[in-house]
Amino acid sequence: MDENPAVGQEMVTTPEEQPQPHPLVCNKYRRILLVGFAFSLFAAALGLGVYSHLQKTADPWTSQWKSAGPPCLSPACLRASQLFSVAMDPFSHPCDYYLFACGTGGSYASEEGHSIKRVFNEDNTELDKKREARTGGIVRMRRETDFQGESDGSQVKFPDRKSALLKTIKEILEAPEEGVSGNAAEQKAKKYFKTCMDAESPEKVGSKPFLTLIEQLGGWAVSKGMNRTDFNSTLALLMGQYSTFPFFSVYAGSDSSKEQAASSQHYIQIDEPYFQFPIDWNSKTQKSKASTRYLRPFYMSCGQYLALLGVPSNETTQHCGLYISLSTTLALGTSPLSYRLSQKLLYHRITIQELQTLAPAIDWLACLQATFQPLPINQSDLVLVHNLPYIMQMSQTISKWQIQHEMMGTRPLHTYMIFSLLHTLIPALDSRFFQTMRNFSIATGDTQEEIPRWLRCIQQTERGFDALLSHAIKERHAQNEAEELIHDVYLSLKKKLTGLSWRDDRSSAFILNKTKSLNPRLSTKTNNLSHAELNHLYAEVVLSEEDFFSNYLQMLALEQKSRSRLLSHGTQTEGLSITPSISGNDIIIPVGMFVSPFFHSSYPRALNYGTLGSLMAKDLLHLLLPDIHMQANNPGSESMCIWTHYLSVTKDPGRVDTFSLSPFEQQEVWVQYTALQVALDAYKMSFTRHPEDSSLSGLSYIHLFLSSFTKVSCDADSYHEFMPFEPSFLVTVLCSNSSFCPKPLTCVNKSQSFTQEMCQSRTLH
Ligand SMILES: *[C@@H]1O[C@H](CO)[C@@H](O)[C@H](O)[C@H]1NC(C)=O
Ligand SMILES: *[C@@H]1O[C@H](CO)[C@@H](O)[C@H](O)[C@H]1NC(C)=O
Ligand SMILES: *[C@@H]1O[C@H](CO)[C@@H](O)[C@H](O)[C@H]1NC(C)=O
Ligand SMILES: *[C@@H]1O[C@H](CO)[C@@H](O)[C@H](O)[C@H]1NC(C)=O
Ligand SMILES: *[C@@H]1O[C@H](CO)[C@@H](O)[C@H](O)[C@H]1NC(C)=O
Ligand SMILES: *[C@@H]1O[C@H](CO)[C@@H](O)[C@H](O)[C@H]1NC(C)=O
Ligand SMILES: *[C@@H]1O[C@H](CO)[C@@H](O)[C@H](O)[C@H]1NC(C)=O
Ligand SMILES: *[C@@H]1O[C@H](CO)[C@@H](O)[C@H](O)[C@H]1NC(C)=O
Ligand SMILES: *[C@@H]1O[C@H](CO)[C@@H](O)[C@H](O)[C@H]1NC(C)=O
């Protein structure tokens with residue numbers, strides 16, 4: 001079962017090293033020698049038998065973990081070795097674990113770490129993500145000063161995981177074409193990215209492509225010569241072909257209100273639209289209202305857009321006035337997520353037919369069929385509505401405006417839809433449109449720096465080519481080593497959970513059952529596609545070298561396809577995702593986690609397991625935590641033990657130790673310590689399977705593992721802010737039993753009265 005190449009080799013080579021009897025010795029001694037030889041052969045065989053028996057029972061980890069493997073010299077390893085400086089080595093500063101701050105070599109002491117107050121917002125992260133995704137792909141990202149691996153001191157930091165993924169995608173899209181043209185889909189994605197990066201092409205054509213498109217849609221009232229257009233069919237067209245949702249937004253997603261049964265079933269979800277201006281919420285009257293101080297800049301930007309589209313300035317007053325009036329009227333019905341949550345307005349289940357009677361101004365069936373074509377959608381299908389009062393009010397407003405204004409020929413509803421379309425298309429128009437939008441968002445107090453062009457282009461490419469990008473990342477970065485890592489981490493996590501002390505048998509059976517039935521898998525069915533299937537998926541896309549506007553429209557059409565695939569397959573092609581999620585019986589581990597510097601197939605496994613292994617264990621624990629935390633005693637008791645340990649070794653005269661950990665801190669301390677143990681156990685499992693590994697900076701296996709854990713927890717752990725001390729202290733706890741670590745992490749000038757075994761896990765052996 002355990003194929004052990006090292007043992008096999010020893011068995012073959014040892015007999016050859018036995019001293020051979022010389023052929024020309026005296027006959028007299030020959031018999032004695034022969035007997036002696038036979039005996040020694042027997043002894044050797046016996047010795048070998050015992051030896052190989054010992055080799056099989058002694059685990060290779062215990063005999064080798066303090067040694068260093070041969071250095072890894074791959075380009076990825078050479079880059080990664082910059083991440084490991086002496087300053088971050090928990091063993092070079094055994095006494096500094098409480099001063100030792102993550103980041104720039106101790107520039108901030110974290111002794112006050114516990115004073116950080118925070119509110120943990122556990123709900124609605126999915127809704128927030130959806131909301132982000134709806135803002136026309138212009139998603140604001142945390143700016144990373146260290147993204148390029150910039151080092152302002154001696155430290156090179158890990159980038160955050162999202163930035164690392166984006167950088168990887170950029171490399172894929174910028175990589176030169178390989179000779180073989182078998183991968184047509186990938187060439188299309190590269191071409192899209194290239195034309196997007198080419199800032200020249202939209203400038204050359206100005207606003208013409210958009211004006212032509214308006215013509216094709218039947219014109220608009222702002223410029224004369226408008227054909228009669230039907231409200232419902234225009235709306236359906238915008239939703240279906242142009243990813244534009246003027247009055248309400250639509251997406252596919254699972255029903256997160258059902259916590260336990262995280263089903264893979266996906267539903268159509270209907271939500272408030274994205275408004276271009278800030279909305280104030282009055283918590284006393286519980287009403288929304290467009291912020292009045294921004295209405296003037298908003299009006300100005302409307303006029304600027306019309307001027308860019310060649311509309312005479314004496315026409316703008318009327319149309320912009322109506323546009324703003326309609327926008328602010330619609331905004332009255334919106335409410336913030338927290339309010340909707342408290343009023344149970346989220347995930348309201350309703351059939352399309354019922355929705356039609358409650359909000360009759362919209363032809364719901366036609367709009368939803370267009371959005372999810374070619375799927376068969378019918379009146380009795382269920383949809384999830386996230387603010388039904390808004391939807392009903394929106395319907396009333398539309399009916400009212402239809403009657404009031406259509407007579408006068410101003411068609412404000414239609415104009416409103418065209419403005420929404422304009423916002424969708426701004427990234428493909430000349431930069432004056434973008435500047436106008438940007439100036440307005442600065443006027444509303446947006447202080448964030450402009451997203452660099454390459455990032456916007458990656459986000460766009462991802463909207464259309466999500467399945468392709470997942471595939472490309474998987475193919476290049478997440479092969480067998482990734483599957484093994486997932487397997488080992490999940491197995492050791494299950495082992496760890498089995499060893500917990502549970503409140504009662506029923507809850508433990510439930511959770512152990514659940515973890516047993518869940519199946520972690522890299523990516524999903526929908527992105528396990530062959531090259532041929534991928535090429536088929538993108539077969540209809542014909543990209544132009546010159547005309548970025550037409551490429552952009554095709555990208556929107558691809559996004560529509562991806563939206564309907566998501567609804568029908570119930571599985572997301574999670575291009576830019578970096579955290580695991582549960583879908584039915586699967587835990588989806590997104591391929592986006594497996595990018596360097598977090599993971600590389602050429603890295604020493606000590607690095608992969610210490611870095612991504614521990615992050616993955618943390619993510620999985622957080623995913624399963626709601627169950628564990630309620631039912632097991634360990635999070636409470638182990639975190640208190642660690643905390644007491646921390647207080648005892650960092651005790652300073654004059655410090656008051658009366659505070660205790662908040663529930664979130666308790667939970668996080670336990671999660672992080674458990675993740676360290678799980679990742680180490682997974683590495684041991686892997687090491688037992690293949691008892692060799694390479695090394696970085698001459699560090700021993702265990703040393704590299706622990707340094708990787710410390711480094712990544714410091715730099716790139718999204719839960720770091722919930723920790724009351726630096727994660728390097730967890731290594732100290734682990735090493736308080738010196739037999740786990742390269743050297744004892746005890747500090748001579750501190751009292752060591754603490755009984756260390758208390759925090760040791762029983763599953764570590
Ligand atoms: C209006 O419709 C007519 C006939 O279908 C068409 O020829 C004309 O181009 C349309 N005008 C606009 C502005 O779309
Ligand atoms: C704007 O000016 C043009 C001529 O310059 C005129 O034909 C048109 O009626 C004016 N529009 C409005 C709304 O005043
Ligand atoms: C859209 O279609 C629905 C259903 O057919 C209809 O009730 C509604 O009046 C239409 N809306 C407008 C603004 O024409
Ligand atoms: C509507 O679709 C559902 C499945 O999505 C199906 O079960 C049902 O029979 C369909 N109803 C009609 C009237 O076609
Ligand atoms: C945006 O604002 C800047 C600075 O205020 C100004 O120079 C520029 O002309 C504005 N651009 C547009 C398109 O309004
Ligand atoms: C879950 O546990 C119950 C006993 O509590 C057992 O009968 C059942 O077979 C288990 N289900 C799975 C899927 O393992
Ligand atoms: C992906 O496809 C290959 C062959 O087509 C199959 O062997 C493998 O099990 C699939 N993996 C997943 C996760 O579906
Ligand atoms: C260290 O851990 C091992 C294995 O769990 C245990 O047998 C040993 O007693 C521990 N030693 C100390 C000093 O805690
Ligand atoms: C511990 O003692 C060493 C010298 O013995 C000293 O350099 C170090 O600063 C001391 N550490 C603390 C935390 O007091």
Side-chain angles (χ1 to χ4, degrees), residues 199 202-203 206-207 210 217-218 220-221 226-240 245-248 250 270 273 276-277 294 296-311 313 316 320 322 326 329-330 351-371 377-379 381 383 391-418 420 422-423 425-427 429-450:
E203 305 300 327
S207 56
F210 185 66
L217 297 175
W220 63 335
M226 178 186 185
N227 282 346
R228 285 233 57 89
T229 50
D230 173 54
F231 169 84
N232 281 307
S233 46
T234 307
L235 182 58
L237 187 65
L238 296 191
M239 290 171 64
F245 302 92
F247 300 106
F248 50 90
V250 177
I270 297 173
Q276 303 295 332
F277 47 82
Y294 300 126
R296 189 159 174 79
F298 187 54
Y299 177 82
M300 303 282 284
S301 72
C302 172
Q304 283 165 353
Y305 289 133
L306 290 183
L308 289 172
L309 292 171
V311 176
S313 58
T316 55
C320 286
L322 285 171
L326 178 55
T329 308
L330 288 171
T351 65
I352 296 177
Q353 197 157 22
E354 289 164 329
L355 186 60
Q356 189 65 52
T357 50
L358 291 173
I362 306 285
D363 186 348
W364 290 99
L365 188 60
C367 286
L368 296 177
Q369 278 171 341
T371 309
I377 304 224
N378 69 39
Q379 295 281 10
D381 281 335
V383 296
I391 297 290
M392 290 160 66
Q393 190 169 328
M394 178 263 312
S395 170
Q396 284 160 13
T397 306
I398 287 177
S399 303
K400 215 186 282 168
W401 278 61
Q402 180 88 351
I403 296 162
Q404 277 176 1
H405 297 274
E406 295 307 277
M407 296 301 171
M408 296 144 64
T410 45
R411 310 287 309 271
L413 294 172
H414 188 77
T415 307
Y416 184 88
M417 291 193 276
I418 298 291
S420 295
L422 175 67
H423 273 104
L425 298 177
I426 278 178
L429 297 174
D430 80 57
S431 60
R432 292 169 303 164
F433 287 93
F434 186 79
Q435 270 315 315
T436 304
M437 183 176 74
R438 178 86 195 128
N439 279 4
F440 174 65
S441 95
I442 291 170
T444 60
D446 179 0
T447 53
Q448 278 175 316
E449 271 173 66
E450 193 178 321

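Both ligands and their constituent atoms are indexed starting at 1 by order of listing.
Ranking protein heavy atoms by distance to atom 9 (O) of ligand 5, first place goes to Asn439 ND2, 4.7 Å. Of all protein heavy atoms, the one lying nearest to atom 11 (N) of ligand 3 is Ala361 O, 2.8 Å. The nearest protein atom to atom 2 (O) of ligand 3, hydrogens excluded, is given as Asn232 ND2, 2.2 Å; this is a heavy-atom distance. The protein atom (non-hydrogen) at minimum distance from atom 13 (C) of ligand 3 is Phe231 CD2, 3.3 Å.
Ring geometry for Tyr416 against Phe247 counts as parallel: the plane angle stays under 30°, on a 0 to 90° scale with 60° as the upper cut. Taking the six-membered ring for Trp and thresholds of 30 and 60 degrees, Phe210 and Trp220 have ring planes more than 60 degrees apart, a perpendicular arrangement.
Here the shortest heavy-atom pairing between Arg411 and Asn227 reads NH1-O, 4.2 Å.
Listed by number with element, the atoms of ligand 5 under 4.0 Å from a non-hydrogen atom of Arg432 are 13 (C). Residue Gln402 approaches ligand 3 through these ligand atoms, each under 4.0 Å from one of its heavy atoms: 13 (C), 14 (O). The distance from ligand 5 to the heavy atoms of Gln435 drops below 4.0 Å at these ligand atoms: 13 (C).
Here the side chain of Gln379 pairs no donor or acceptor atom with the backbone of Leu365 at under 3.5 angstrom. Looking only at distances, a side-chain donor or acceptor of Ser395 sits under 3.5 Å from a matching main-chain atom of Ala361.
Put simply, atom 4 (C) of ligand 5 has no protein non-hydrogen atoms near it, under 4.0 Å away.
Considering backbone and side-chain N/O of Thr436, none are found under 3.5 Å from N/O of ligand 5. Not a single N or O atom of Ile362, backbone or side chain, sits closer than 3.5 Å to an N or O atom of ligand 3.
Aromatic pair His423/Tyr305: ring centres closer than 6.0 Å. Taking the six-membered ring where the residue is Trp, the centroids of Phe277 and Phe298 are separated by under 6.0 Å.
For the 3.5 Å distance criterion, the side chains of Ser399 and Gln396 fail to qualify, holding no donor opposite an acceptor.
In this comparison of Ala236, Ser233, Pro360, the heavy atom closest to atom 7 (O) of ligand 3 sits on Pro360.
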